[in-house]
Undergrad: 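The structure is given below, and queries will be raised subsequently.
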Amino acid sequence: MMDPSGTETPCIACKDFTFEDKKNTQESLSVSIPEVLDPQYGMYVWPCAVVLAQYLWTQREELRHKTVLELGAGVSLPGVVAARCGAKVILSDNAKTPLCLENCRRSCEANSLHDVGVLGITWGEVSPDLVLLPKLDIILGSDVFYEPQDFEDVLLTVVFLLRKNPRAQFWTTYQERSADWSIEALLHRWNLNCVDIQLETFDADKAELAGSTLPGNKSILMMIITLKTEDVGL
């Protein structure tokens, strides 16, 4: 599709997600996420994002007034949910892929979020934008452990942020794609603590979530990663 200036515009369709509280049927949250349908861009909501967003919804009381950074945000479902739950949110994606950053902004616009920052952060690189981030409480990452060659760069960025914010936590969801792919050795190398959060504890152990068929039957893990106690300075 061409706009009047002759440049190609992406084909976009919105996908809606509704998060509900089983204990309080009157409490729910609906968000709308624009997906870029052009396969050249491939900006979709992935199963890990829905699982992480479900966890955020169940932690909405804790999120209120917290400062949250989403890494590799893409279409930003977790970050949008965090912002709608009252967190101060910063979205980030690869500084070298402006289309991804535009997707972050598009998702904010679709949900009337006008005070969410969008930054280009390239994993493994200590950029001025990374250094100048405000104090963080929570770092988010859905499916950021996708390509094994990126695992260490992702954790380098996370470690930098956790050392700068020793009491912060990294909440991440990870889809098991191969038994040979693991971050365990990297967690040990960088002296990080990892706690697995069982999906059934936040009603995410289902083939359908938030009114969608995601995550389907994918095998998703939810983890909270922190600095080991001796590095926090308790």
Undergrad: Do W171 and Q169 pair up side chain to side chain, a donor and an acceptor below 3.5 Å, judged on atom types alone?
TA: yes

Undergrad: Considering all heavy atoms of both residues, which atom of I220 and which atom of T173 are nearest to each other, and what is their separation?
TA: CG2-CB, 4.1 Å

Undergrad: Quick one: side chains of residues 195-207, donor-acceptor pairs under 3.5 Å with protein atoms, not counting sequence neighbours, listed by atom name and distance.
TA:
from: T201; atom 1: OG1; to: Q198; atom 2: O; distance (Å): 2.5

Undergrad: Taking the basic N atoms (NZ, or NE/NH1/NH2) and the acidic carboxylate oxygens, is any pair closer than 4.0 Å for E61 and K66?
TA: no

Undergrad: Contact between S127 and L130 at the side-chain level, heavy atoms closer than 4.5 Å - yes or no?
TA: yes

Undergrad: Under 30°, 30 to 60°, or over 60°: which ring-plane class applies to W46 and Y44, parallel, tilted or perpendicular?
TA: perpendicular

Undergrad: Report yes if some heavy atom in the side chain of T226 is under 4.5 Å from a heavy atom in the side chain of L192; otherwise report no.
TA: no

Undergrad: Show the atom names and distances, to 0.1 Å, of all donor-acceptor pairs under 3.5 Å that link a side chain in residues 154-162 to residues at least two apart or in another chain.
TA:
from: T157; atom 1: OG1; to: G124; atom 2: N; distance (Å): 2.8
from: T157; atom 1: OG1; to: D153; atom 2: O; distance (Å): 3.3

Undergrad: Pairs of donor and acceptor atoms involving the side chains of residues 71-90, under 3.5 Å and at least two apart or interchain, shall be tabulated with distances.
TA:
from: S76; atom 1: OG; to: G74; atom 2: O; distance (Å): 3.2
from: R84; atom 1: NH1; to: S30; atom 2: O; distance (Å): 3.0

Undergrad: With a 4.5 Å limit on heavy-atom distance, are the side chains of Y146 and R177 in contact?
TA: yes

Undergrad: Quick one: does N111's side chain have a donor or acceptor within less than 3.5 Å of a partner on S32's backbone?
TA: yes

Undergrad: For V36 and R106, which heavy atoms make the closest approach, and how far apart are they?
TA: CG2-NH1, 3.6 Å

Undergrad: Does the side chain of D93 reach to within under 4.5 Å of the side chain of N103, using non-hydrogen atoms?
TA: no

Undergrad: Any side-chain heavy atom of E152 within less than 4.5 Å of one from W190?
TA: yes

Undergrad: Is it true that E184 and R189 make a salt bridge, defined as a side-chain N closer than 4.0 Å to a carboxylate O?
TA: no

Undergrad: Are K218 and E176 close enough for a salt bridge, meaning some N to O gap below 4.0 Å?
TA: no

Undergrad: Would V131 end up clustered with I139 when hydrophobic side chains under 4.5 Å apart are linked, directly or stepwise?
TA: yes

Undergrad: Is there a side-chain contact between L63 and I138, using heavy atoms and a 4.5 Å cut-off?
TA: yes

Undergrad: Would you say that L91 contacts L119 through its side chain, given a criterion of any heavy-atom pair below 4.5 Å between the two side chains?
TA: no

Undergrad: Mind telling me whether Y174 and F145 have parallel, tilted or perpendicular rings, with 30° and 60° as the class edges?
TA: perpendicular

